Protein chains: 2
Amino acid sequence: MTKKLAKSAISQKRVLDAAARIFRDYGYAGTTMRAIADEADLKAGSIYYHYKSKDDLISAVLDIGIRAVTDNVDKALKALPETATGRDRIEAAIRAHLSAIIEVGDYTLATRRALGQVPEAIRARNTRMRDTYGSVWQEILADAHDRGEFRTTANLTLARLFILGALNWTIEWFKPGGRSIDDVAREFASVVLDGLSGNGGSAAMAEELSPPAKAKRSSPRIRAV
Amino acid sequence: MTKKLAKSAISQKRVLDAAARIFRDYGYAGTTMRAIADEADLKAGSIYYHYKSKDDLISAVLDIGIRAVTDNVDKALKALPETATGRDRIEAAIRAHLSAIIEVGDYTLATRRALGQVPEAIRARNTRMRDTYGSVWQEILADAHDRGEFRTTANLTLARLFILGALNWTIEWFKPGGRSIDDVAREFASVVLDGLSGNGGSAAMAEELSPPAKAKRSSPRIRAV
DNA sequence: GTCTATAGGGAGATAGAC
DNA sequence: GTCTATCTCCCTATAGAC
């Protein structure tokens, strides 16, 4: 899968990775070509050999961010057997979405920070790609519903917005080295499909195994949301 | 509740509202004092009579964004009767969170766009307020769990991150004039508590009332996520 | 309170040497 | 391919008139 790259392509990739990190930290307007150049270990003027403008760079970063997700989810769905249930497909899509956004975390976070500030034409193109991804999810949910796996009162559009919101937010708090992506994906799927009060069988990582009781809880150290 | 404001306070509020809209559209670095001044109908130099710097302004905007949410959720929880169940409290908190972020939408979106780019000292202070709000939610969930309303396998920390992620994302797609906040809140609570496959009784707004069938679905017009 | 004018510093992008 | 040097423009913040 890893291709041998020409020397020029290596530099180009180094600049792109550096750009993702700087856009991630400073947003679109706050990012300077000089800062990207420093991060990539060359001088500002040299970037223009690889990319013709700052807009060209942000555009490439944004595309990688969404493409990683759509490609990974497509792949995961195609890898499922014919006999997969709606639940199987939802679990697979959640896992694929999470691993993709975390795998290219710099690009994902750069997108989150910069997308709203980017020139209209660039944003519109990226937004179209995201809309297409949204309809993939709408189809997944509609399919599970058609199979009779959902309660009839379920609102699929709101469910999709709810699921994708929660998934996209994950990048804000997930830190490699803590919980595994699989564990997070399993628990998310469990909440979405069975709910917190339901009695789903696939839940993992019970936090409190002791029986319900008026336990004294110290104020927990919480990550900002 | 609406106080009469001195002339100076009126101008100050006009500048602050203008700043929220401009920060929302251009992020922290992309916002210029000139743009805020234009939006507030005065000249750039005059802003400095009300706020001593750009950092002073963004700081005020960020504080309003989180305070609106914590205050509204606190108020909603306190308004509940003694007999309220864990489910009641979760539903109330979801509704209060949603109405607050939408009510001060410009400030909410400005926070989303700018928080990551703001000088460290300002971000740290705002992040502490957000952490405190996170522990309020952790308590709400722990309480419902202690009452025996959740399945024992539920992971409360992940559930909290999941719920708050989905709620915070709502500002990206919610448009006043469409669905009501109450409807969205009800459906979100229904997914979180009962799941999509559960048979909760509180679900509203069924999208497809016809029985499951292999209906032909046209590719839906989807909002970007 | 709001204005005009401006000081002082950086920004994106280009040209041409190496 | 990468460098240095530089053009031109726009930024935050201040000073002082009204």
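Values in this document were obtained by computation on a predicted structure and should not be read as measured data.
- For the ring-ring contact (aromatic ring centres under 6.0 Å, His included) test with F162(B), the passing option among F162(A), F174(A), W173(A) is F162(A); the others fail.
- Ion pairing between K13(A) and D17(A) holds under the 4.0 Å rule for side-chain N and carboxylate O.
- Interface residues of residues 20-46 of chain B facing DNA chain C, ordered by number: L42(B), K43(B), S46(B); criterion, heavy-atom separation under 4.0 Å.
- Protein atom NZ of K52(B) is 20 Å distant from nucleotide atom C1' of dG1(C), rounded to whole Å.
- Under the 4.0 Å criterion applied to side-chain N and carboxylate O atoms, D131(A) and R128(A) are not assigned as salt-bridge partners.
- One atom, OH of Y51(B), and another, C1' of dA13(D), lie 18 Å apart when rounded to the nearest Å.
- For dG1(D), one of the phosphate oxygens OP1 or OP2 lies less than 4.0 angstrom from a side-chain nitrogen or oxygen of Y49(A).
- One atom, CD of Q12(B), and another, P of dT2(C), lie 11 Å apart when rounded to the nearest Å.
- In this structure, I47(B) places its CD1 atom 15 Å from C1' of dT4(C), rounding to the nearest Å.
- Nucleotide dG1(C) holds its C1' atom 11 Å from the CZ atom of R14(B), rounded to whole Å.
- For Y48(B) and dA13(D), the shortest distance from a side-chain N or O to OP1 or OP2 is below 4.0 Å.
- Using a 30° and 60° split on the angle between ring planes, H145(A) and F150(A) fall in the perpendicular class, above 60°.
- For dG1(D), the OP1/OP2 oxygens have no side-chain nitrogen or oxygen of S11(A) closer than 4.0 Å.
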field: D55(A)/Y28(A) under side chain to side chain donor-acceptor pair (under 3.5 Å): CA gap, chis, key distance, verdict
entry: CA-CA 9 Å; D55(A) 286 358; Y28(A) 174 72; 2.2 Å; yes
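- Taking a cutoff of 4.0 Å between a charged side-chain nitrogen and a carboxylate oxygen, R14(A) and D41(A) do not qualify as a salt bridge.
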